[in-house]
Trainee: 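Dropping a structure here in structure tokens format, bear with me for questions.
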Amino acid sequence: MAIDIALFLETLKEEVKSYKVPVVDLISVQTRDPFKILVATILSSRTKDETTAAAASRLFREAPDIKALAKLPEKKIMDLIYPVGFYKSKAGYLKKLPQALENFDNRIPEEIDDLIKLPGVGRKTANLVRSVAFNKDAICVDTHVHRIMNKWGYVNTKTPLETEMALRKKLPQNHWQEVNGILVAFGQGTCRPVSPHCHRCVIADLCPAAAHQIT
DNA sequence: AAAACGGGGGC
DNA sequence: GCCCCAGTTTT
């Protein structure tokens, strides 16, 4: 078993500050508007931060709120968000979003079960929105977090959902917004699935992956 | 040139 | 569960 998970996170905390800003922080520093955070988060899946930020910026210039978005043709949305990954699918999700939000009084819902019902919003996106927009103690398990928690031996799970449930019991119910940022940044910046940057990893000497062969 | 890749929907 | 969506990065 690796070091205590709280110490693991504390050790990484300073390290990841020098990294390229993950989308978790990127969105929160730009806006506190739940609508924009939701839209940007939907755009961010399978897409780099810079690409997401540029696309979101273009889109928000034309559609700064729900009402404006509802008036935008799907083709227009598609052109604005290109070249984020799966832009055709996402344009479809965003086109349907205003109507879906009518069920929630035209506001962004805060509960996970409600968020998941929105088009283009799965568990990872819902938890990220809860964390960033509403400052909830939501555990955002993307593929990086899932992989790293298993690699470092903090969980032994098959699916991201299982990881989320397991982590919920392992960690104090606070500061999850920061934890999400730390784990995502570490997973993308250093402890990457292919060619991890072990040479500059601050906790490489504690890594349970023998000779750093396991990723 | 080919494969991998920061999810989610539809079936 | 399995397959699809797409541009970008890595090998």
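First the proteins, then the strands, lettered A, B, ... as listed; each starts at 1. The model shown is predicted, which means the values in this text are computed figures rather than measured ones. All values below come from the heavy atoms of this structure, side chains included, with hydrogens, waters and symmetry mates left out.
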Trainee: Between the side chains of A:H197 and A:T190, is a donor N or O closer than 3.5 angstrom to an acceptor N or O?
Mentor: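 Side chains of A:H197 and A:T190: no pair found under 3.5 Å.
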Trainee: Please determine if A:K170 forms a cation-pi arrangement with A:Y154, meaning its NZ or CZ atom is less than 6.0 Å from the six-membered ring centre and no more than 45° off the ring axis.
Mentor: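 No, a cation-pi geometry is absent between A:K170 and A:Y154.
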Trainee: If you compare all heavy atoms of A:W152 against all heavy atoms of A:L206, which two are closest, and at what distance to 0.1 Å?
Mentor: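 Taking every non-hydrogen atom into account, CZ3-O, 3.6 Å.
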Trainee: Measure NE2/A:H144 against P/B:dC5 and give the value in whole Å, please.
Mentor: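 So the NE2-P distance, A:H144 to B:dC5, works out to 9 Å.
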Trainee: Applying side chain to side chain donor-acceptor pair (under 3.5 Å), can you list everything that pairs with A:E162, at least two apart in sequence or on another chain?
Mentor: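 For A:E162, the residues satisfying side chain to side chain donor-acceptor pair (under 3.5 Å) (neighbours in sequence not counted) are A:T159.
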Trainee: Report the distance from atom CG of A:L97 to atom P of B:dG8, rounded to the nearest whole Å.
Mentor: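 So the CG-P distance, A:L97 to B:dG8, works out to 14 Å.
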Trainee: Could you work out which one of C:dT10, B:dG7, B:dG9 sits closest to the side chain of A:R192?
Mentor: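 Closest nucleotide among those given: C:dT10.
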Trainee: Mind calculating the distance between CG (A:L43) and C1' (B:dG7) to the nearest angstrom?
Mentor: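 Computing the A:L43:CG to B:dG7:C1' distance gives 13 Å.
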Trainee: Could you give the distance separating B:dG6 and C:dG1 at their C1' atoms, to the nearest angstrom?
Mentor: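 Between the two C1' atoms, the distance is 23 Å.
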Trainee: Please list every donor-acceptor pair under 3.5 Å in which a side-chain atom of residues 75-97 of chain A meets a protein atom from a residue at least two apart or in another chain.
Mentor:
{"from": "A:K75", "atom 1": "NZ", "to": "A:D79", "atom 2": "OD1", "distance (Å)": "3.0"}
{"from": "A:K75", "atom 1": "NZ", "to": "A:D79", "atom 2": "OD2", "distance (Å)": "3.1"}
{"from": "A:K90", "atom 1": "NZ", "to": "A:L43", "atom 2": "O", "distance (Å)": "2.8"}
{"from": "A:K90", "atom 1": "NZ", "to": "A:S45", "atom 2": "O", "distance (Å)": "2.7"}
{"from": "A:K90", "atom 1": "NZ", "to": "A:T47", "atom 2": "OG1", "distance (Å)": "3.3"}
{"from": "A:K90", "atom 1": "NZ", "to": "A:G85", "atom 2": "O", "distance (Å)": "2.9"}
{"from": "A:K95", "atom 1": "NZ", "to": "A:A70", "atom 2": "O", "distance (Å)": "3.1"}
{"from": "A:K95", "atom 1": "NZ", "to": "A:L72", "atom 2": "O", "distance (Å)": "2.7"}

Trainee: Can a donor-acceptor pair be found between the side chains of A:N150 and A:T157 at a distance below 3.5 Å?
Mentor: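 There is such a pair (donor and acceptor under 3.5 Å, judged by atom type) between the side chains of A:N150 and A:T157.
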Trainee: When the distance from CG of A:L161 to P of B:dG8 is rounded to whole Å, what number comes out?
Mentor: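 These atoms are roughly 12 Å apart.
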Trainee: Taking CD1 from A:I42 and P from B:dG8, how many angstroms apart are they, rounded to a whole number?
Mentor: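 It works out to 9 Å between those atoms.
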Trainee: When all nucleic acid strands are considered with a 4.0 Å heavy-atom cut-off, which category describes A:P119: base, sugar-phosphate, or nothing?
Mentor: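 Sugar-phosphate only.
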Trainee: When the C1' atoms of B:dG8 and C:dT9 are considered, how many whole Å apart are they?
Mentor: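 These two C1' atoms come out 22 Å apart once rounded.
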Trainee: Rounded to the Å, how far apart are A:D142 CG and B:dG7 C1'?
Mentor: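 Rounded to whole Å, this separation is 10 Å.
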Trainee: So what does A:T125 touch, heavy atoms closer than 4.0 Å: a base, only the sugar-phosphate, or nothing?
Mentor: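 A:T125: backbone/sugar contact only, no base atoms under 4.0 Å.
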Trainee: I need a per-nucleotide contact map over nucleotides 2-7 of chain C, read 5' to 3'. Cutoff is protein heavy atoms under 4.0 Å; write B for the base, S for backbone only, - otherwise.
Mentor: ---BBS
Trainee: To the nearest Å, how far apart are A:L38 CG and B:dG7 C1'?
Mentor: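 Whole-Å distance recorded here is 14 Å.
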Trainee: Between C:dC3 and B:dA4, how far apart are the P atoms? Round to whole Å, please.
Mentor: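 Approximately 15 Å lies between the P atom of B:dA4 and that of C:dC3.
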Trainee: Looking at B:dG7, I'd like to know if its phosphate oxygens (OP1 or OP2) sit under 4.0 Å from a side-chain N or O belonging to A:S44.
Mentor: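 A:S44 to B:dG7 OP1/OP2: no side-chain N or O under 4.0 Å.
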Trainee: Can you give me the dot-bracket string for DNA chain B, 5' to 3', counting Watson-Crick and G-U wobble pairs with both distances under 3.5 Å, using [ ] for crossing pairs and | for partners on another strand?
Mentor: |||||.|||||
Trainee: Over how many whole Å does the gap from A:H146 atom NE2 to B:dG6 atom P extend?
Mentor: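 Between P of B:dG6 and NE2 of A:H146: 13 Å.
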Trainee: If you count every heavy atom of other residues, nucleotides or ligands that lies below 6.0 Å from A:Q99 atom CD, does the total exceed 12?
Mentor: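 No, the 6.0 Å shell around CD holds no more than 12 heavy atoms from other groups.
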Trainee: Grab the two heavy atoms, one from A:N180 and one from A:A138, that are nearest each other, plus how far apart they are.
Mentor: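 Result for this residue pair: ND2-O, 3.0 Å.
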Trainee: Going by side chain to side chain donor-acceptor pair (under 3.5 Å), name the residues that satisfy it together with A:R123, two or more places apart in sequence or in a different chain.
Mentor: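 Testing A:R123 for side chain to side chain donor-acceptor pair (under 3.5 Å), a comparison that skips the adjacent residues, returns A:E164.
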Trainee: With a 4.0 Å cutoff (strictly under), does any side-chain N or O of A:S195 reach OP1 or OP2 of C:dT11?
Mentor: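 Checking A:S195 against C:dT11: at least one side-chain N or O falls below 4.0 Å of OP1 or OP2.
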Trainee: Excluding sequence neighbours, so at least two apart, what forms side chain to side chain donor-acceptor pair (under 3.5 Å) with A:T125?
Mentor: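 With neighbours one apart ignored, the set is empty.
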